[in-house]
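In what follows, a structure is listed as structure tokens, so that the remarks can point back to it.
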2 protein chains.
Amino acid sequence: MIDCTVEGIGSYLLEHNIKPSYPRIKVMQILLQRTHPTAEEIYAQAVKEMPTLSKTTVYNALNLFMEKNIVHSIYIGETEAKYDIDTSIHGHFKCECCNKVYDFSVDLEEQSFPELHGFFIRERDVYLKGTCKACLEKSE
Amino acid sequence: MIDCTVEGIGSYLLEHNIKPSYPRIKVMQILLQRTHPTAEEIYAQAVKEMPTLSKTTVYNALNLFMEKNIVHSIYIGETEAKYDIDTSIHGHFKCECCNKVYDFSVDLEEQSFPELHGFFIRERDVYLKGTCKACLEKSE
DNA sequence: TTCTCTGCAAACGCTTTGCACGGAT
DNA sequence: ATCCGTGCAAAGCGTTTGCAGAGAA
């Protein structure tokens with residue numbers, strides 16, 4: 001787990017060869033405290049504390065983080081990207097009723113894909129959609 | 001398997017409560033003969049035989065097919081949607097080298113998702129990315 | 001100085017929307 | 001007469017690009 005302070009995030013970024021500028025630290029901090037926010041959400045929150053911040057800078061930071069493999073983008077339902085600091089393999093479930101996105105673990109390693117024999121698999125994404133328990137109980 | 005003639009597609013559309021207009025039949029025909037084409041590709045091919053066809057009509061048809069659940073959109077890599085007549089559960093592998101998208105079967109039913117106990121799952125998508133066998137062999 | 005980061009404005013690409021025309025019922 | 005499908009043009013939206021200025025090394 002990453003230390004959420006400015007210093008903690010700063011050294012975390014340095015470890016990954018990213019110069020810890022203030023906007024980058026802020027973006028990273030928001031990624032840590034929210035679960036898969038959109039660029040818009042990150043911008044909206046960060047701009048409160050950095051009035052001159054531009055959306056371009058948020059995108060710059062996010063794209064840099066993805067290059068360095070410390071952030072992952074997810075596309076579920078909308079065309080708008082969500083960003084996830086958890087780069088381990090896990091699935092995303094989107095409730096079509098409340099729009100909440102849930103994480104869950106999947107073991108795709110276990111599955112063999114005979115059709116993909118000899119392929120090199122770098123990235124795995126599992127997206128499920130449906131209705132979450134809370135919404136199902138509400139509508140009863 | 002659907003009969004690829006104009007009549008065959010026409011009755012298939014009727015079965016799904018879709019009025020079989022000529023543009024719709026043409027779009028469906030292209031979906032049947034290509035594997036997950038983009039809207040652009042469908043338009044480019046269809047316009048050859050229907051010079052007055054507009055892209056809007058292609059989108060109208062595709063969106064209608066998706067509403068009626070006979071076509072599925074897939075988003076892998078690009079923001080551009082690909083469309084798939086195969087609505088059964090299967091995975092998509094995108095080769096980052098040649099950009100080809102391969103289908104493969106997955107058995108997600110078998111997997112239990114303890115975190116999603118009590119959830120209703122309507123749709124399942126598995127996206128893998130990496131390098132396909134052909135590209136790996138080429139680069140050796 | 002040189003290199004990098006920031007941030008405005010504009011461009012981009014895919015998709016949707018508004019709206020009017022034409023054909024079917 | 002009403003309804004539905006088509007297709008043009010324009011708008012929409014998230015994201016990227018061009019570029020100039022500020023700041024760090």
Side-chain angles (χ1 to χ4, degrees), chain A residues 6 9-10 13-14 16-31 36-68 71-84 99 101, chain B residues 6 9-10 13-14 16-31 36-68 71-84 99 101:
Chain A
V6 170
I9 294 170
L13 292 180
L14 277 172
H16 291 86
N17 298 310
I18 297 168
K19 238 189 253 178
S21 74
Y22 207 78
R24 286 169 182 171
I25 288 171
K26 198 73 225 147
V27 168
M28 184 45 86
Q29 204 169 45
I30 294 168
L31 282 165
H36 16 73
T38 63
E40 180 60 44
E41 282 163 5
I42 294 168
Y43 171 75
Q45 180 166 347
V47 81
K48 289 180 197 167
E49 295 171 45
M50 310 174 66
T52 68
L53 181 70
S54 83
K55 231 177 253 184
T56 307
T57 300
V58 173
Y59 279 109
N60 284 343
L62 290 170
N63 289 336
L64 182 63
F65 295 166
M66 289 201 291
E67 245 171 59
K68 303 289 186 183
V71 162
H72 205 174
S73 62
I74 63 185
Y75 291 88
I76 186 164
E78 297 98 41
T79 53
E80 200 177 5
K82 293 177 188 297
Y83 298 88
D84 197 345
N99 282 322
V101 176
Chain B
V6 170
I9 294 170
L13 293 180
L14 277 172
H16 291 84
N17 298 310
I18 297 168
K19 237 188 253 178
S21 74
Y22 207 77
R24 286 169 183 171
I25 288 172
K26 197 74 226 143
V27 168
M28 184 44 87
Q29 203 169 47
I30 294 168
L31 281 164
H36 18 74
T38 63
E40 181 60 44
E41 282 163 5
I42 294 168
Y43 172 75
Q45 180 167 345
V47 81
K48 288 181 197 166
E49 296 171 45
M50 308 174 65
T52 69
L53 182 71
S54 83
K55 232 177 252 181
T56 306
T57 300
V58 172
Y59 279 109
N60 284 342
L62 290 169
N63 288 336
L64 183 63
F65 295 166
M66 289 200 292
E67 244 171 61
K68 302 290 184 181
V71 161
H72 206 174
S73 62
I74 63 186
Y75 290 88
I76 186 163
E78 297 98 42
T79 53
E80 200 178 4
K82 293 178 189 296
Y83 298 88
D84 197 345
N99 283 321
V101 176

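Below, chain A is the first sequence line, B the second, and so on; all start at residue 1. Note that the structure is a prediction, hence the values are computed from the model and not measured.
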Specify the separation, in whole Å, of atom [atom1] of [X] and atom [atom2] of [N].
X	N	atom1	atom2	answer
A/L64	D/dT17	CG	P	14 Å
B/Y75	D/dG14	OH	C1'	13 Å
A/Y83	D/dT15	OH	C1'	8 Å
A/Y43	C/dC8	OH	P	7 Å
B/M28	D/dG5	CE	P	15 Å
A/I25	C/dT6	CD1	P	10 Å
A/E78	C/dT15	CD	C1'	15 Å
A/E41	D/dG14	CD	C1'	13 Å

Using a heavy-atom cut-off of 4.0 Å across all strands, would you classify [X] as base, sugar-phosphate, or nothing?
X	answer
B/K55	nothing
A/T52	sugar-phosphate
A/S21	sugar-phosphate

Using the side-chain contact (heavy atoms from CB on, under 4.5 Å) definition, which of the options A/I74, A/L31, A/V58, A/T38 pairs with A/Y83? A/L31

Please state whether the phosphate of [N], meaning OP1 or OP2, lies under 4.0 angstrom from any side-chain nitrogen or oxygen of [X].
X	N	value
A/T56	C/dT6	no
A/Y59	D/dT15	yes
B/T79	C/dG13	no
A/N60	C/dG7	no

Walk me through it: do B/E40 and B/K55 pass the test side chain to side chain contact (heavy atoms under 4.5 Å, CB included)? CA-CA 8 Å; B/E40 181 60 44; B/K55 232 177 252 181; 2.7 Å; yes

What is the distance from atom [atom1] of [X] to atom [atom2] of [Y], rounded to the nearest 0.5 Å?
X	Y	atom1	atom2	result
B/M66	B/Y59	CE	OH	10.0 Å
B/T57	B/M50	OG1	CE	8.0 Å
A/I42	A/K26	CD1	NZ	11.5 Å

Let's see if you can work this out: which of [options] has an atom nearest to the side-chain heavy atoms of [X]?
X	options	value
A/N63	C/dT4, C/dT16, D/dT16	D/dT16
B/R24	D/dG5, C/dT6, D/dG7	D/dG5
A/P23	C/dC5, C/dT6, C/dT15	C/dT6
A/E80	C/dT6, D/dG5, D/dT15	D/dT15

